[in-house]
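The chains referred to below are lettered A, B, ... by the order of the sequence lines, with proteins before strands, and numbering in each begins at 1.
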Amino acid sequence: MTAVTSAAFDGGFRQPVFDAQTTFRAIMDALARPGRRVICRPLATAPAPMSPLMAAVALTLVDPETPVWLDGALAASADVRGWFAFQTGAPMVDQPADAAFAFVVDPARMPPLSAFAQGTPEYPDRSTTLVVSAESVEDTGAVFTGPGIETSVLFDTRPAIPAFAEQWQANRALFPRGVDLLFVAADAIVGLPRSSRLRTG
Amino acid sequence: MNALPPTAATVAHDTPAYNFAYLDEQTKRMIRRAILKGIAIPGYQVPFASREMPMPYGWGTGGVQVTAAVLGPDDVLKVIDQGADDTTNAVAIRGFFRKTAGVRTTTHTAEATVIQTRHRIPEAPLAEHQILVYQVPIPEPLRFLEPRETETRTMHALEEYGLMHVKLYEDIARHGHIATTYAYPVKVDGRYIMDPSPTPKFDNPKMHRSKALQLFGAGREKRIYAIPPHTDVVSLDFEDHPFKVQTFAQPCALCAAEGVYLDEVLLDDKGGRMFVCSDTDNCEERRAAGHRGALAGDDISRKDRS
């Protein structure tokens with residue numbers, strides 16, 4: 001047992017019902033309109049290095065039914081682990097492939113997308129949703145098309161996921177299997193579901 | 001209507017035993033996760049732990065659960081049943097959410113942010129900020145061709161949809177044309193074959209690249225699926241028998257609208273009948289704008305003024 005400090009008990013939604021609903025609508029909007037910056041005011045806080053908006057996303061989606069994987073920087077913090085345990089009750093898993101949700105604050109050092117649960121051909125929904133920190137979201141860079149995108153959308157996040165273009169093409173090639181991404185900036189969420197196609201050339 | 005936005009306290013005052021929008025938060029999270037998977041895999045039926053609702057199966061328990069999971073205090077809810085705002089199912093579900101969530105309700109399509117529907121898509125084009133929630137009885141388009149869930153699941157996994165084309169072909173062999181008129185199967189983003197719920201095939205083209213997010217809930221069958229905005233939704237057909245929607249010989253008898261879906265209403269036992277808009281809001285707005293159909297009668301308000 002590690003000692004849990006009071007940081008674990010702070011930062012939950014003030015109005016759990018309405019704050020979760022507000023955050024969910026932003027998440028849903030982001031996933032339904034890939035590549036669009038959906039503004040979402042953070043309504044929760046968590047111990048560093050977890051950002052307030054990432055905390056709100058976690059409180060909205062995670063509960064005792066969803067195994068959670070934390071990246072190295074998050075897992076190293078006893079306060080973050082305590083916060084997840086107290087606020088969500090989610091079981092923690094060591095293997096990315098066992099996770100329903102993965103939280104990543106250090107994209108440069110994250111495992112490949114293929115290391116996470118990809119779902120099965122019969123049940124492609126049994127895959128990991130990755131919640132990834134983004135210091136900035138630019139509307140330049142890679143061009144995406146697909147469901148939820150009227151013509152095409154450009155976006156890029158920093159810090160970047162290593163070899164993201166190749167990884168995303170491999171992820172899309174698995175469709176309907178594959179992972180979905182939620183990039184979380186300070187006050188905005190950008191969704192990238194597995195259905196989005198990266199345009200090349 | 002209450003001018004202040006409802007809070008947990010004001011809603012709880014009327015219904016002390018229930019959470020906002022009836023469902024508990026754990027259930028809402030589970031449904032919300034299923035909705036997100038549905039959006040990420042357009043047309044794929046996501047299993048979810050459907051709850052018992054205070055209404056029987058077949059009365060929209062799936063749609064109600066989806067609506068309850070997305071609804072917030074600022075939303076404006078419209079509910080239609082076969083296009084009509086004033087039929088039993090629509091009135092009951094509107095009342096349910098007024099009571100359990102304290103949300104504003106409307107009959108005007110343009111005013112609504114969330115529209116729950118049983119078997120029609122409004123005639124007015126939907127906008128980007130709107131969410132259309134369908135009540136679905138049988139979500140599996142292949143179910144009447146293959147009763148085993150294990151088999152249909154494998155067919156979807158392998159994209160093995162030949163059986164559906166055989167079914168449409170047998171329609172042509174027997175009737176000379178594709179005789180399926182409602183729940184007409186569609187292919188979503190070139191991958192999954194999906195049941196659009198028993199909407200008339202007249203509404204299928206409205207699903208194609210719609211600006212609004214479309215969510216489908218099947219309560220008894222415990223499935224949720226979705227079509228994101230701007231997504232290709234193609235009705236299945238053959239090169240020599242292309243997909244066609246119903247056409248009507250006469251315009252609406254009340255508002256003279258053409259190119260809309262009409263209901264047949266019997267007037268007497270001597271064969272008298274009229275065809276009127278199925279979308280009551282569309283019909284009322286057209287009449288308010290001065291459009292008169294053949295059986296619209298006199299405009300009383302205008303007569304009073306003269």
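By the neighbour-count criterion of 12 heavy atoms within 6.0 Å, atom CZ of R143(B) is densely surrounded, having more than that number from other residues, nucleotides or ligands.
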Could you go through the side-chain contact (heavy atoms from CB on, under 4.5 Å) check for I27(A) and R32(B) one step at a time?
CA-CA 10 Å; I27(A) 296 169; R32(B) 286 167 180 167; over 6 Å; no
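The existence of a salt bridge linking D75(B) and R25(A) is confirmed by a sub-4.0 Å separation between a basic side-chain nitrogen and an acidic carboxylate oxygen. Using a cutoff of 4.0 Å between basic side-chain nitrogens and carboxylate oxygens, R33(B) and E65(A) are scored as salt-bridged. Between R197(A) and D189(B) there is a salt bridge, since a side-chain N of the basic residue sits under 4.0 Å from a carboxylate O of the acidic one.
Contact of Q26(B) with chain A is made through backbone and side chain together, with heavy-atom distances under 4.5 Å. Using a 4.5 Å cut-off between heavy atoms, F101(A) touches chain B through its side chain atoms alone. At a 4.5 Å heavy-atom cutoff, the contact between L59(A) and chain B is made by backbone atoms alone. Only the backbone of K211(B) comes within contact range of chain A, judged by heavy atoms closer than 4.5 Å. In this structure, chain B has heavy atoms under 4.5 Å from both the backbone and the side chain of S127(A). For I31(B), no part lies near chain A; criterion is any non-hydrogen pair under 4.5 Å. If you measure heavy-atom distances from I149(A) to chain B, the contacts under 4.5 Å come from the backbone alone.
Per-residue counts of heavy-atom pairs under 4.5 Å with chain B were compared for A32(A), P121(A), P193(A); the largest is that of A32(A). Counting heavy-atom pairs under 4.5 Å between each of G148(A), G178(A), S196(A) and chain B puts G148(A) at the top. With chain A as the partner, the residue from E159(B), M155(B), E128(B), Q45(B) showing the most heavy-atom pairs under 4.5 Å is E128(B).
Formation of a donor-acceptor pair under 3.5 Å by the R209(B) side chain with backbone atoms of E150(A) is found in this model.
Between P47(B) and D125(A) there is a side-chain heavy-atom pair separated by less than 4.5 Å. Side-chain contact between T129(A) and L36(B) is absent, with no heavy-atom pair separated by less than 4.5 Å.
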